[in-house]
Structures are given as structure tokens and as C-alpha cells.
Amino acid sequence: MTTAASKQRAQVNPKTAGADARGTIFREVSPEQQAVEQQLVDHVVASFEACEDPRLKELMVALVKHLHSFIREVRLTEEEWGTAIDFLTKAGHITDDVRQEFILLSDTLGASMQTINVNNAAYADATEATVFGPFFVEDSPAIDNGGDMAFEAPGEPCWVEGTVTDTDGNRLAGARIEVWEADETGLYDVQYDAGKRAARAHLFTEADGSYRFWGLTPTPYPIPNDGPVGRMLDAVGRSPLRASHLHFMVSHEGARTLVTHIFPEGDPIGWKDTVFGVKQSLIKRFEPQAAGTPTPDGRVIDGTWSRVRFDIVLAPAGV
């Protein structure tokens with residue numbers, strides 16, 4: 001008689017497989033076979049006993065245990081393991097100084113978002129963090145408050161304004177704000193040319209903690225899907241589309257650096273964002289403005305534009 005302990009979840013085998021009340025697929029594995037598999041796990045774990053770095057040892061032991069648990073749970077075939085190795089090899093080959101396929105893989109599996117959740121614990125009313133994305137670059141151009149970060153990138157103009165404060169409500173002067181986004185065609189500047197800089201910039205908050213700039217009204221776009229990650233999404237029936245968003249990275253002495261986005265209310269992709277980056281608190285009202293509506297700074301715009309307010313609250317460093 002087979003005990004519950006001798007059952008492991010696996011791929012469907014019509015002769016030996018079943019399902020529990022929750023629909024979890026399992027397959028019977030004999031106690032003898034389980035012992036053989038567990039003996040290997042124990043042997044690999046023991047190989048790290050001499051590691052002098054306790055954190056590295058903790059990471060490697062946990063990785064081995066979880067990896068072997070996955071292999072045993074799904075009863076991974078040698079062909080499937082070979083396919084996985086080939087997938088990772090191709091991800092490495094397509095990665096370069098501009099495109100990071102492994103970040104895309106991490107993003108689309110929710111691993112990036114979960115790592116961010118773990119490392120950015122909720123604190124008071126601090127603004128929530130979300131995924132970094134693969135298209136940040138260090139050498140963004142500087143703009144003054146009220147400047148235009150689009151640098152002629154195509155798209156509908158958008159006036160963005162707000163304040164940066166700490167969780168005690170103190171206005172933070174001199175906070176550095178990095179902003180970047182895709183243009184209306186769904187491409188970032190570096191996707192056109194590695195040296196191109198448009199629709200990205202950095203600026204600093206005023207003495208009263210305020211900031212303001214012209215950007216572009218965000219639009220949905222697909223992550224690069226011509227590589228192995230795109231083929232994975234296609235194989236599992238998932239869309240490569242990201243919800244419309246505008247990236248922010250905000251830093252100030254004594255504060256935890258914030259990496260986040262804001263997402264337009266009513267976006268057609270919204271919660272179906274392929275990298276799971278949307279959070280309710282980051283959905284903002286991008287107010288549409290008719291052609292001819294006066295702008296906050298007197299800029300003359302021929303067509304429509306939008307405006308949004310994003311007040312940013314930074315958590316203390318070290319929390």
C-alpha cells in the first residue's frame with residue numbers, strides 16, 4: 001500500500017499519475033527510489049561543509065535543495081534538462097551591453113519582482129518599489145526642473161510633477177531623480193543605438209522638495225521577444241506586453257534608494273503586465289488635456305498632452 005509520503009508531484013503519466021483535491025498532479029515513487037534520490041541531495045549538500053563564507057554556504061545549500069526538489073517533483077526528463085541548458089545558452093548568446101536576456105527571464109518569471117519585495121520591506125507610507133528593467137543607463141543627461149526629458153523622442157507630451165519627502169513628511173531638497181521610458185513606438189533610446197540618449201534624464205528636487213519635468217505619456221509595449229524569453233512566453237500562451245509606465249529611481253542621503261514606476265489608470269494591459277510590476281499604489285491618473293489647453297509653464301503644444309502628479313515618499317536607509 002502506497003503512503004502519502006511515497007508520492008511526489010510530477011508530470012502526467014496516465015498509468016501511474018493522479019491528482020489531489022486541488023488538482024495538483026502527483027506520481028507514485030517507491031520508497032527505495034526516494035532514498036536513492038535523497039542520498040544524492042545529502043551528498044551534494046555535504047560538499048559545501050568546508051565553505052568558509054556562511055552566507056555563500058547558506059545560498060548554495062538552499063539552491064541545491066530547491067533545485068533537486070524541483071527535479072524530483074516534476075520527474076524531469078533528460079531531454080527536458082537538455083532543453084533548459086540550451087535555453088540558457090541561447091539567453092547568454094543574445095545578451096550584450098544593451099540587452100540583458102537574463103533580466104528579461106527573471107522579470108517574466110516574477111523573480112525580479114519577488115526579490116524587490118524581499119529587499120524593500122513595507123515601511124510606513126513609503127512609496128512602493130517595482131522592477132528595475134533592463135534599459136537603465138548610467139550616463140543620462142541632466143535637465144533643470146521644468147525641462148524636457150524626451151529630447152525629441154516621439155510621443156504625446158506629459159507634464160510630471162510632485163514632491164519627495166521622508167516618512168516623517170519632511171521635504172527632501174536635492175534628491176536625485178532618474179527618469180526613463182519608452183517612446184510611443186515602444187522602444188527605448190538604446191534599442192535604436194547604444195549611444196543614443198532620449199526619453200531619459202536626471203534632475204534634482206528644489207529646496208522645497210518639489211520637482212517637475214516634461215516627459216511622454218506612457219504607452220504599452222512588448223519586451224524584446226525575438227529571443228529565448230520571447231519564445232518561452234509564446235510557448236506558454238503569455239503576452240510579451242508590459243503595462244504602460246514611466247520609470248523612476250530616487251535617491252537621497254539617509255534614505256533607501258527607490259526604484260519604481262508609475263502606471264496610467266485604465267491602461268489596457270494593466271495587471272496583465274508580463275513582468276508583474278504593477279502595484280495598486282503606483283497606478284496614477286494621467287489627466288488628458290485637449291489641444292490648446294494652457295500648460296503649467298507656458299509651453300505651446302500644438303496637439304493633446306497629459307499631466308500627472310507623483311508624490312514620492314522615501315523610507316529611511318537600512319530598513
Tell me every residue that passes side-chain hydrogen bond (donor to acceptor under 3.5 Å, both in side chains) with Asp139, counting only those two or more places apart in sequence or in another chain. Arg197

Presence of salt bridge, Glu52 and Lys57, under 4.0 angstrom: no

Going by the rule side chain to side chain contact (heavy atoms under 4.5 Å, CB included), which residues pair with Glu156 if we only count those two or more places apart in sequence or in a different chain? Thr217, Thr304, Ser306

Assess the residue pair Val229 and Asn225 against the criterion (side-chain contact (heavy atoms from CB on, under 4.5 Å)); give the C-alpha distance rounded to whole Å, side-chain angles, the decisive distance to 0.1 Å, and a yes or no. CA-CA 6 Å; Val229 171; Asn225 62 345; over 6 Å; no

Excluding sequence neighbours, so at least two apart, what forms side-chain hydrogen bond (donor to acceptor under 3.5 Å, both in side chains) with Ser244? Asp267

Least distance between heavy atoms, Thr205 atom then Ala173 atom: OG1-C, 3.4 Å

Suppose we screen for salt bridge (Lys or Arg N to Asp or Glu O under 4.0 Å). Which residues come up paired with Glu78, at least two apart in sequence or across chains? none

How would you list all residue pairs meeting side chain to side chain donor-acceptor pair (under 3.5 Å) that involve residues 124-136, not counting sequence neighbours? Glu128-Ser281

Do Gln38 and Arg72 meet the criterion of a side-chain donor-acceptor pair at a distance under 3.5 Å? yes

So which atom in Val131 and which in Gly277 form the shortest heavy-atom distance, rounded to 0.1 Å? CG2-CA, 4.5 Å

By salt bridge (Lys or Arg N to Asp or Glu O under 4.0 Å), Asp107 pairs with (sequence neighbours left out) none

Quick check for you: to the nearest 0.5 Å, what is the distance between Ile94 atom CD1 and Gln100 atom CD? 11.0 Å

Under 3.5 Å, is there a donor-acceptor pair linking the side chains of His66 and His68? no

By salt bridge (Lys or Arg N to Asp or Glu O under 4.0 Å), which residues pair with Arg309, not counting sequence neighbours? Asp311

Measure from the side-chain N and O atoms of Ser106 to the backbone N and O of Ile103, and report whether any donor-acceptor pair falls under 3.5 Å. no

Quick one: do Arg212 and Asp297 make a salt bridge, cutoff under 4.0 Å? no

Do Lys90 and Asp86 sit within salt-bridge range, that is, some charged N less than 4.0 Å from a carboxylate O? yes

Checking His202 now: which residues fulfil side-chain hydrogen bond (donor to acceptor under 3.5 Å, both in side chains) with it, not counting sequence neighbours? Ser140, Arg176

Could you tell me whether the side chains of Glu80 and Thr83 share a donor-acceptor contact shorter than 3.5 Å? no

In the single-linkage hydrophobic clustering (I, L, V, M, F, W, Y; side-chain heavy atoms under 4.5 Å), do Leu258 and Val275 co-cluster? no

State, to 0.1 Å, how close Ile301 and Pro157 come at their nearest heavy-atom pair, and which atoms those are. CD1-CB, 4.0 Å

Checking the side chain of Ser251 only, and the main-chain atoms of Thr257 only, is there a donor and an acceptor separated by less than 3.5 Å? no

How are the rings of Phe310 and Phe248 set to each other: parallel, tilted or perpendicular (split at 30° and 60°)? perpendicular

Could you list the residues that satisfy ring pair (Phe, Tyr, Trp, His ring centres under 6.0 Å) with Phe213, not counting sequence neighbours? none

Could you list the residues that satisfy side chain to side chain contact (heavy atoms under 4.5 Å, CB included) with Ala126, not counting sequence neighbours? Thr167, Ala315

Once you round to the nearest 0.5 Å, how far does CD1 of Ile143 lie from CZ of Phe151? 6.0 Å

Taken in chain and number order and not counting sequence neighbours, the residues that satisfy ring pair (Phe, Tyr, Trp, His ring centres under 6.0 Å) with Trp305 are Trp214

Decide yes or no for Tyr211 and Leu203: does some side-chain heavy atom of the first lie under 4.5 Å from some side-chain heavy atom of the second? yes

When rounded to the nearest 0.5 Å, the distance separating CG of Leu282 from CD1 of Ile262 is 8.5 Å

Side chains of Leu233 and Ser239 in contact at under 4.5 Å (non-hydrogen atoms): no

Could you check whether any side-chain heavy atom of Leu105 comes within less than 4.5 Å of a side-chain heavy atom of Leu88, counting everything from C-beta outward? yes

Partners passing side chain to side chain contact (heavy atoms under 4.5 Å, CB included) against Ala199 (at least two apart in sequence or in another chain): Ala153, Glu181, Leu216

What one should report as the nearest heavy-atom pair of Phe276 and Leu109 is CE1-C, 4.3 Å

Can you spot which of Tyr221, Phe286, Trp180, Phe135 makes a ring-ring contact (aromatic ring centres under 6.0 Å, His included) with His245? Tyr221

According to the interplanar angle, ranging from 0 to 90°, do the rings of His247 and His261 count as parallel (below 30°), tilted (30 to 60°) or perpendicular (above 60°)? perpendicular

Backbone of Phe204 reached by a side-chain donor or acceptor of Asn145 within 3.5 Å: yes

Would you say the side-chain atoms of Gln34 pair up with the backbone N or O of Val29, donor to acceptor, closer than 3.5 Å? yes

Do you see a donor-acceptor pair shorter than 3.5 Å between the side chains of Glu37 and Gln33? yes

